[in-house]
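Protein chains get the first letters and strands the later ones, always in sequence-line order, with residue 1 at the start of each. Hydrogens, waters and symmetry mates play no part in the numbers below; they use all other heavy atoms, side chains included.
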Amino acid sequence: MLSRVANSLYWMVRYVERADNLARLIDVNQQMLLDNESLDSERLRAFWRPIILSTGDEELFNRLYDNAGSSEVVRFLTDDESNPNSIVFCILQARENARTVRDQLSEDLWEELNGLFLYIRSEEAKWLRVSNPQRFYENIRRSAVTFLGIASSTTMRGEQWDFMELGRHLERADKTTRFLDVVTYLSDGDEEAATGTVHWPAILRSCGALGAFRSSERSVTAPSVVNFLIFSRNFPRSVRFCIDRVDVCIHRISGSERGTFCNRAERESGKLLADLNYGLTSVAFSVGLHHFLDNLQARFNAIGDAVFECYVLMPDRIKSYQPTELRSAYSTSNWQMQQQQQQ
Amino acid sequence: MFADDLTVRTHCQELYRKLQSLDRKDFQNRKAAAELYFLRQGITFNVYHDERGTERIFPFDPVPRVIDAAEWEHIETGLTQRITALNLFLYDIYHDQQILNDGVIPRFYVEHAKHYRPEFRGFDVPKDIYIHICGTDLIRDKDGKFYVLEDNGRCPSGASYLLENRNAMKRAFPGLFQEMRVRPVDSYPNDLLEMLEYISPRRDENPVCVLLTPGFYNSAYFEHCYLAREMGIQIVEGSDLIVLDRAVYMRTTRGLQRVDVIYRRIDDDFLDPVVFRKDSVLGVAGLMNAYRAGNVALANAVGTGVADDKVMYYFVPKMIEYYLGQEPILPNVPTYLASEEQDLKYIIEHLPELVVKAANESGGYGMLIGPCATREEIANFRERILSDPRNYIAQPVMSLSRAPTWCEGQMEGRHVDLRPYIIYGDGVKIVPGGLTRVALKKGSLVVNSSQGGGSKDTWVLTRK
């Protein structure tokens, strides 16, 4: 498979997954607000701020908005195209990536993603977003899930699939840690929030985990939630589960045996998986949850970078050749765009 | 569909009867369904100069244009004759230039053609084929005869619309096809692939063919993907290819893979930044080295643009006589060359009646349609022609034939042209039909998609 194609498939799926997760995050928190309608604007700010902080885009948000009320935060995360992590931007990017590999995708798969794109651009979506936000986010999530279903039933099991799975699980693992990280920012001066009685169930729901959690754990406590979302072997959005899938895919791509490595990507994922397999929730708390999650995110990035270098840039195979600015997230300069159009 | 006396032409009677039996509302719904199919499939072209990269569907008219068997045979032999002569001409001017030495075409015209590539003289292209894919534009004048309007011998686009129009028609109006004996068009991708494999420089192994696209901002990007997928070959961008030791490779997750044939959809100028435009970010550095070393084949060959020069078009009938000793089967539209004194005089005196075209523009740009132009536009063109006569030709306004078209809830006549796609490999293959483009604006003669044109399915019938 072409290196560029592998890269685009990887990012296409990552962006769909990201949009799905954000849609769930916003939906869950908006609904939670309905239970707490008495919050004054000061408390409201305190409610949304951790969510912005956990996405890691606080700086951009502060630059674009004066006020951190519900509507600003929701707009920032939903349809602000100057936020490279907003839902709308993710869908655009997913589709742009899909367009570059259109020939590799099944008709149905492309149609679903293109349909989602047409939806977020439609009048219907604009109207729903105001009048019935729950429906609006549900439509996005349903489409993302349908996309996933079509992908899994129409994609040949081979490199193509492995790169897509790799992207999806890496993104999922990242989002799970970010949703967990929300609690880090809660304690800022608010005692009631610090206990997190309201937030833990919301975090579980953001990860689509509440049902699964209840069936295997007794009560919602900080350690039990962290244990479940990071170390569960069987829950498909736990970090450990995701990294296990990542490790499987990375090894299938190269053909080397699991537990061994022949490139940096395999080594990074193998090491991280071992740490998760033998990790303890108590250790996560003793080093500080935020620090622990931060470290995980850095290691996800390391895996992503290593995959990119190993399969797309290939510096050791093409020593003499300087690629014309290949970037990991597909983007094209204006100049390139102009030339493409001149043809 | 209709003869001069408004009777239905024989080969259209069956279709006419079927259309008559369709309910207006039902017809409208089916048309809408076909359009939705195009939109959802992303069968769109990009509108340039639009920051948000807006995409539109190429408007589709659901009334097919019908060509009967005898008419098509005439077109087919005419096009075969024409592409044969064009390829002989290109071979000649890139080798001994006998046609210039014999004075059939003034040397000046070739040497000053914008897309002539003297640096490729003496270079042998694989199988001596220059134009592998040609998209010749034909029109029917009021005399009922087909004329050649222009030969597109560089990277003609539109073949995917030809195929998808048929798919959309079959989905939306399956009933119309019954007992019509419409010839299928779906062999096109396979014909194309066979041609690409035929010109491969490596015969010992299965040749690796790729389609080189400028990228997804290009208006024809959908088509590039479509054709690559139908042929089962990779679609690549310049940055996917590298040249090592005068051979071309693509960068894959399994390392580098040798490439034998490139169906390139980018212009000569952008192919190789080392040789042509230095600022090209679309091409592949060193590609021309590999090409000249005979390690890779390009379709179409480098330098075919000289045959697209509208001045050269004037000489195609002479080429046919010179190389083949035959009369042209499909005539040219009468053409005046601004660089010939007599013609120039005529052009300047008759500007309001003529169509003036710049020699090296396409897509309906750089054109003056005399009868529709304002006084300023005509004055402006007069200046341009006088200051650079080599670059302009003029033609009388041809009254493009009209075909019934669905316009806002009723049938009306709209002007159409026809672009068949000719593949020149191991023999000449022409898919029966072509892209019928239609000027949707009432009275308009401009069929280009960038200027309000749409398209129709084209039905070539088998002999009874």
Side-chain angles (χ1 to χ4, degrees), chain A residues 1-9 81 92 95-108 110-115 117-118 121 159-160 162-163 253-255 307 310-314 316-318 320-326 330 332-343, chain B residues 37 39-42 44 46 48-49 52-53 55 154-155 157 210-211 213-222 224-244 249-257 265-267 269-270 273 277 279-283 285:
Chain A
M1 185 173 34
L2 284 177
S3 304
R4 173 179 54 82
V5 170
N7 193 41
S8 294
L9 289 172
E81 285 183 35
L92 294 181
R95 181 174 175 276
E96 286 295 77
N97 277 289
R99 253 156 60 91
T100 68
V101 293
R102 180 70 210 273
D103 57 314
Q104 305 281 323
L105 306 176
S106 69
E107 298 276 294
D108 290 345
W110 161 259
E111 262 197 49
E112 185 56 41
L113 185 51
N114 196 37
F117 164 81
L118 295 172
R121 283 264 192 258
E159 273 187 305
Q160 218 186 0
D162 290 333
F163 275 102
I253 290 167
S254 71
V307 168
C310 182
Y311 292 104
V312 183
L313 278 179
M314 299 189 282
D316 48 336
R317 292 191 200 168
I318 312 171
S320 58
Y321 178 69
Q322 290 298 316
T324 43
E325 245 190 291
L326 266 168
Y330 202 93
T332 315
S333 69
N334 272 342
W335 177 229
Q336 241 168 324
M337 187 159 122
Q338 264 175 28
Q339 287 198 0
Q340 291 186 12
Q341 295 186 349
Q342 276 167 15
Q343 298 300 302
Chain B
Y37 168 77
L39 189 64
R40 286 199 69 99
Q41 283 284 307
T44 52
N46 297 2
Y48 292 162
H49 317 297
R52 290 165 72 102
E55 293 155 32
R154 280 177 286 176
C155 309
S157 61
V210 299
L211 187 154
T213 175
F216 63 88
Y217 286 111
N218 186 262
S219 64
Y221 183 73
F222 162 75
H224 304 161
C225 285
Y226 182 90
L227 292 176
R229 196 178 50 213
E230 292 289 311
M231 288 190 280
I233 67 175
Q234 293 279 3
I235 175 166
V236 299
E237 295 178 17
S239 59
D240 293 328
L241 300 179
I242 70 164
V243 176
L244 296 173
Y249 296 88
M250 56 181 165
R251 303 141 57 87
T252 77
T253 49
R254 300 250 178 260
L256 301 178
Q257 189 186 3
R265 294 293 298 256
I266 67 180
D267 293 342
D269 283 343
F270 289 88
R277 277 180 63 157
D279 61 348
S280 168
V281 288
L282 310 178

Would you say the side chains of A:S8 and A:T100 form a donor-acceptor pair under 3.5 Å? yes
Tell me, for A:L113 versus chain B, whether the close heavy atoms (under 4.5 Å) come from the side chain, the backbone, both or neither. neither
Which atoms of A:E159 are under 4.5 Å from chain B, going by heavy atoms: the side chain, the backbone, both sets, or neither? side chain
Carboxylate-amine/guanidinium proximity below 4.0 Å for B:D240 and A:R4: yes
Assess the pair B:F222 and B:Y226: is the distance between their ring centroids shorter than 6.0 Å? yes
Select one option (side chain, backbone, both, neither) describing which atoms of A:L118 are under 4.5 Å from chain B's heavy atoms. side chain
What verdict does the side chain to side chain contact (heavy atoms under 4.5 Å, CB included) test give for B:S157 and B:R265, after you've listed the backbone C-alpha separation in whole Å, the side-chain angles of each residue and the deciding distance to 0.1 Å? CA-CA 9 Å; B:S157 61; B:R265 294 293 298 256; 3.1 Å; yes
For B:I233, is it the side chain, the backbone, both or neither that has a heavy atom under 4.5 Å from a heavy atom of chain A? backbone
